[in-house]
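What follows is a single structure, written as structure tokens, with notes after it.
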Amino acid sequence: MFFSTRDSEKKLYKASQVIKQGLAEDGGLFVPDSIPTVTLDEIAELANRSYPEKAARILSLYLSDYTYEELLEDAMNAYCAASFPDGAAPLKKIKDNTYSLELWRGPTAAFKDMALQIMPRLLSRALTKTGEENTALILVATSGDTGKAALEGHKDVDKVKIMVFYPVDGVSKVQKLQMATQTGSNVNVCAINGNFDDAQTGVKKIFSNTEAKAKLLENGYILSSANSINWGRLAPQIVYYFHAYCELLKNGEITLGEKINVCVPTGNFGNIFAAYLAKLMGLPIDKMVCASNSNNVLTDFIETGVYDRNRKFHLTMSPSMDILISSNLERLLYFTAGTEATKAYMSALSADGRYEVSEDVKKAISENFVGYCADEDETATALRNYYNNGYLADTHTSVALSCAEKYLRDTNDTKKMVVVSTASPYKFAADVYKSINGNEAAEGTGALDQLEALTGMEISYPLKDLDKRTVNFNTVIDADDMLEEVYKFM
């Protein structure tokens, strides 16, 4: 069962209800009432299972009103060879004790596919399980990758419509073109004047607008979300941390029970929070390195206990991390500080743009997390150095590679380090190309061809011939007009 991070009464909901609803009525995020555990023997057994089998097992521990058979069917369909021709989440050794967990081998070339290929299936079952007769309207704020992955996962799904908002100048040209050329009878895409935080805040305002929800319900729609604020999006992300550990175990790189570290490039804190949940469940993870770009609000928070979004916003070459309001941090605050403190922190963030946690909470967080950041030069240097040593990474993964290097340099930690690789280099081809050789790339999709010619690495299959697709969406609005645009879509 689940309840809101801000609910002192802890009103309980089934998994299917929270997946359908997305965000709690009070603006909080749903969390489970208990954390299931996985023993070392069970981890050893999982190492011999396929990715879909691992997913069904881990998800069944949380989604208890779904059967294992239902979850296995959904996982088999989500992680099939047609969508993941190279397999789901391959793990590659790239340097000594450092490994890259490539989560971008799916249909939109981003790690969001790992959750958003199975989430629509979970939502579709949730609508049936809860007896819902209305159409689910999914609203998404994206800093680039979530939007395309959510659109692709939900297109033409029965009883579902999806609308995506993204910052007009806050995504790469490839990301923008991926969304603008999206097909499907139930999809809509809209750019906003502003940054990702403006888009995310706008979506949250619609969710908490009782008048708007009533109007939508009158017209046969209920609201839901595909962002990582939705438990149905977050839970599948836990799986790939178990998978990474199992791969290391199966390949003889570690012994059963040996601890590993993970380094995760993150902006909204969902990806790394999934690693934290895996650790709470019993996966032998020691430190979680939270890797930020120049928008280093999380780095400062982990170091000082002060979360302050009142700072300069940077547009970087890792735009999916250009975020100053990290929504999933609220879940971590709940687990470390409890409901009342979390409510107070979120209220302060809304009113003043900052809050400070107690010393006990800061200590509890620092026992698990360490924060590092990489600026633009450091990101480019890491990308170039790893490329020269035989591994081509995108800009977000390169932030994590830089931060992992700093952590290892500071600590001399000899544990195996799994760096989460979140996107194909071709999603950010222009910046990858420039980081390698210092030259400006061609405009738009021309950079993909240049990068392929330079590196010899084939363009990721979802991005081939992107420039030949028809542009279906080109609307740009102010953030204050998002609700009106939703009404138009309806």
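Quick caveat, the model's predicted, so the values are computed rather than measured.
- Taking every heavy atom of both residues into account, Tyr345 and Ser358 meet most closely at OH-N, 3.5 Å.
- A perpendicular orientation is assigned to the rings of Tyr79 and Tyr51, their planes being inclined by more than 60° (bins at 30° and 60°).
- A salt bridge is defined here as a Lys NZ or Arg NE, NH1 or NH2 lying under 4.0 Å from an Asp or Glu carboxylate O, and Arg311 with Asp300 meets this definition.
- At a threshold of 4.0 Å, the pair Asp413-Lys415 counts as salt-bridged, since one of the basic side-chain nitrogens sits closer than that to a carboxylate oxygen.
- Using a 4.0 Å cut-off between charged side-chain N and carboxylate O, Arg105 and Asp86 make a salt bridge.
- Comment: Lys427 does not engage Asp394 in a salt bridge, judged by the lack of any side-chain N to carboxylate O separation of less than 4.0 angstrom.
- In this structure, Lys161 satisfies the cation-pi test against Phe489, with its NZ or CZ atom closer than 6.0 Å to the six-membered ring centre and inside 45 degrees of the ring normal.
- Annotation: the span from Leu466 atom CG to Ser460 atom OG amounts to 11.5 Å, rounded to 0.5 Å.
- Nearest approach of Ile323 to Val297, heavy atoms of both residues: O-CG1, 4.0 Å.
- Ring pair Tyr307/Tyr355: centre-to-centre distance below 6.0 Å.
- Heavy atoms from other residues, nucleotides or ligands lying under 6.0 Å from NZ of Lys279 number more than 12.
- A donor-acceptor pair under 3.5 Å is formed between the side chain of Thr201 and the backbone N or O of Asp197.
- Here the straight-line distance linking atom CG of Asn268 with atom CG of Asn328 works out to 6.0 Å at 0.5 Å rounding.
- For Lys406 against Ala374, the heavy-atom pair with the smallest separation is NZ-CA, 4.1 Å.
- Closest approach of Arg331 to Ser228, counting heavy atoms only: NH1-O, 3.0 Å.
- The two residues Gly153 and Gln117 come nearest to each other via the heavy atoms CA-NE2, 4.0 Å.
- When each of Thr146, Asn271, Thr142, Leu103 is paired with Lys112, the side chain to side chain contact (heavy atoms under 4.5 Å, CB included) condition holds for Thr146 and for no other.
- Looking at Glu152 and Lys148, a side-chain N of the basic residue comes within less than 4.0 Å of a carboxylate O on the acidic one, giving a salt bridge.
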